[in-house]
Protein chains: 2
Amino acid sequence: MTPKARSAQSVVSAIQPDAETRVTNDHHQSLRLWLRLLACTNRIETRIRQRLLANFDTTLPRFDLMAQLERAGDGLKMGELSQRLMVTGGNVTGITDMLEKDGLVVRETDATDRRAFRVKLTAAGLRQFRRMAAAHEQWIVMLFKGLTTKQKEQLVRLLGELKSYIGSQPDS
Amino acid sequence: MTPKARSAQSVVSAIQPDAETRVTNDHHQSLRLWLRLLACTNRIETRIRQRLLANFDTTLPRFDLMAQLERAGDGLKMGELSQRLMVTGGNVTGITDMLEKDGLVVRETDATDRRAFRVKLTAAGLRQFRRMAAAHEQWIVMLFKGLTTKQKEQLVRLLGELKSYIGSQPDS
DNA sequence: TATTGTTATACTCTATAACTATA
DNA sequence: TATAGTTATAGAGTATAACAATA
């Protein structure tokens, strides 16, 4: 399957103070913060992927697609899934094909638009998703147990600011 | 090429308070924190990938491999690269092949072990890496400009605690 | 014409396992 | 025998572009 992991420490080498190109403290700090953010996320994500694979023989994209469906309640069109998963249409077709083959989702024809489908979780799909989501939640809780409630609050707040600032920046 | 992005909001649906399986506040908080962490990292990573591709026609794994070499100074053996990049040997061979074909790295035979190579950056590779690293640093600084120095400090500290806690946990 | 979704193709990255050459 | 690295194979996920059916 497709595990993932990235080094994340290496780029620190980019910091090479120089008479001309002076690397300020701010540069250092931002780079350091980014590497740390990446390291944390990658470590956690890697474990989640491993466990999803080992315990449920599935992947993060599949899990995410099912999560969108469970959340939506009445199914989603392929295009809606594409938007929400931030992935192109062809991918959604592929992932949906696999889930459908496994009996976890179905494509139902949309009454109002014969070009479109509503993709829905089957009963089995919903059951499995609930099991996965519960396990997932436990894993997360365990992984963050090293932080106090207060620390988690701080992180949520700071990351919230970061997220909205990045969201406000131009895309490229 | 291979951009990446993940939804990261969807799993929130897993939170469904229930008479039997009571979802505590801590569960909510940890999950929320994780989703936010993932969202921030993915947004930043996606932009870095896009820009690396658009400006230098390269990818994160290639950049990371070059970063390891620049950092190491005197080259690294394939196996060392494999360890540091946390990737299996076959991958390192493939990425190294591409970089070598582009004239950015060379394999030099190791004097003391004729089975092994020392992979090194060429002069062109070093030049290009320096250019990429400088740009990369600028991108990061811009992306984090929304936070004050103090906020960045806090984040670095909190993420440091998270990282070391996760590192101390069993691998699976 | 525009939109929805599929299909076809291609590429990167990843893994595992068999293999070669050297220790 | 064990180790360093390569090759072969396989699979997921991603993208783009051409295409079919329907609006």
Side-chain angles (χ1 to χ4, degrees), chain A residues 1-8 42 45-46 48-50 52-54 56-65 75-102 105-119, chain B residues 1-7 42 45-46 48-50 52-54 56-66 75-102 105-119:
Chain A
M1 284 237 170
T2 306
K4 201 203 82 179
R6 192 133 33 252
S7 67
N42 282 343
E45 197 175 336
T46 297
I48 300 296
R49 281 176 193 271
Q50 286 171 344
L52 234 27
L53 181 59
F56 299 103
D57 193 34
T58 195
T59 62
L60 221 28
R62 276 197 272 251
F63 180 61
D64 284 345
L65 194 153
L76 290 169
K77 294 198 286 184
M78 298 300 277
E80 291 173 327
L81 279 168
S82 173
Q83 283 190 321
R84 300 197 188 194
L85 297 171
M86 295 188 294
V87 146
T88 55
N91 298 316
V92 175
T93 298
I95 298 173
T96 304
D97 285 349
M98 291 192 276
L99 291 173
E100 191 164 31
K101 207 182 62 192
D102 290 345
V105 308
V106 283
R107 284 173 167 91
E108 291 186 0
T109 54
D110 187 311
T112 70
D113 184 343
R114 280 154 53 200
R115 292 171 306 182
F117 295 113
R118 291 204 84 70
V119 184
Chain B
M1 282 236 171
T2 306
K4 200 203 85 181
R6 193 133 33 252
S7 67
N42 282 343
E45 197 175 336
T46 297
I48 299 296
R49 281 176 193 272
Q50 287 171 343
L52 235 26
L53 182 58
F56 299 103
D57 192 35
T58 196
T59 62
L60 222 28
R62 277 197 271 251
F63 181 61
D64 284 345
L65 194 153
M66 292 178 77
L76 290 169
K77 293 198 287 184
M78 299 299 279
E80 291 173 327
L81 279 168
S82 173
Q83 284 190 321
R84 300 196 188 194
L85 298 171
M86 297 188 292
V87 146
T88 56
N91 298 317
V92 175
T93 297
I95 298 173
T96 303
D97 285 349
M98 292 192 275
L99 291 173
E100 192 165 30
K101 207 182 62 191
D102 290 346
V105 307
V106 283
R107 284 172 167 93
E108 290 186 0
T109 53
D110 186 313
T112 69
D113 184 344
R114 280 155 52 202
R115 292 171 306 184
F117 296 113
R118 292 202 84 71
V119 185

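Computed from heavy atoms alone, side chains included, the values below leave out hydrogens, waters and symmetry copies. Every chain is numbered from 1, with letters handed out A, B, ... down the list of sequences.
We find that CG of A/Leu60 is positioned 15 Å from C1' of C/dT14, with the value rounded to whole Å. Put simply, CZ on A/Phe117 is 19 Å from P on C/dT3, counting in whole angstrom units. Going from atom CG of A/Leu76 over to atom C1' of C/dG5 covers 15 Å, rounded to whole Å. A straight line from CD of B/Glu100 to C1' of D/dT6 spans 13 Å, rounded to a whole angstrom. One interatomic measurement links the two molecules: CG of A/Leu81 to P of C/dT4, which rounds to 13 Å at whole-angstrom precision. Atom pair B/Leu52:CG and D/dT14:P shows a separation of 19 Å (rounding to whole Å applied). The distance between atom CZ of B/Arg62 and atom P of C/dT12, rounded to the nearest whole Å, is 6 Å. In this entry the distance linking CG of B/Asn91 with C1' of D/dG5 reads 13 Å, nearest Å.
At the heavy-atom level, A/Arg107 lies under 4.0 Å from the strands shown only through sugar-phosphate atoms.
A donor-acceptor pair is defined here as one N or O able to donate and one able to accept, closer than 3.5 Å; no such pair exists between the side chain of B/Thr109 and the backbone of B/Phe117.
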Pairs: protein N or O with nucleotides 17-22 of chain D N or O, under 3.5 Å:
from: D/dT22; atom 1: O2; to: A/Arg115; atom 2: NH1; distance (Å): 3.4

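Legend: residues meeting side chain to side chain contact (heavy atoms under 4.5 Å, CB included) with A/Thr93, ordered by chain and number and at least two apart, are A/Met78, A/Asp97, A/Arg107. Evaluation of the side chain to side chain contact (heavy atoms under 4.5 Å, CB included) rule for A/Gln83 yields no partner, not counting sequence neighbours. The side-chain hydrogen bond (donor to acceptor under 3.5 Å, both in side chains) search around A/Asp102 returns none, not counting sequence neighbours. Among residues two or more places apart in sequence or in another chain, the salt bridge (Lys or Arg N to Asp or Glu O under 4.0 Å) test is passed with B/Glu80 by none. The side-chain hydrogen bond (donor to acceptor under 3.5 Å, both in side chains) search around B/Thr112 returns B/Asp110, not counting sequence neighbours.
By the 4.5 Å heavy-atom criterion applied to side chains, A/Leu60 and A/Glu45 are counted as neighbours.
For A/Asp97, counting side-chain heavy atoms from C-beta on, the closest listed nucleotide (C/dA15, C/dT7, C/dG5) is C/dT7. Set against D/dG13, C/dG5, C/dT16, the side chain of A/Met98 has D/dG13 as its closest nucleotide.
The phosphate of D/dA15 (OP1 or OP2) has a side-chain N or O of A/Thr88 nearer than 4.0 angstrom. Contact between the side-chain N/O atoms of B/Thr93 and the OP1/OP2 oxygens of D/dT7 is not found at any separation under 4.0 Å.
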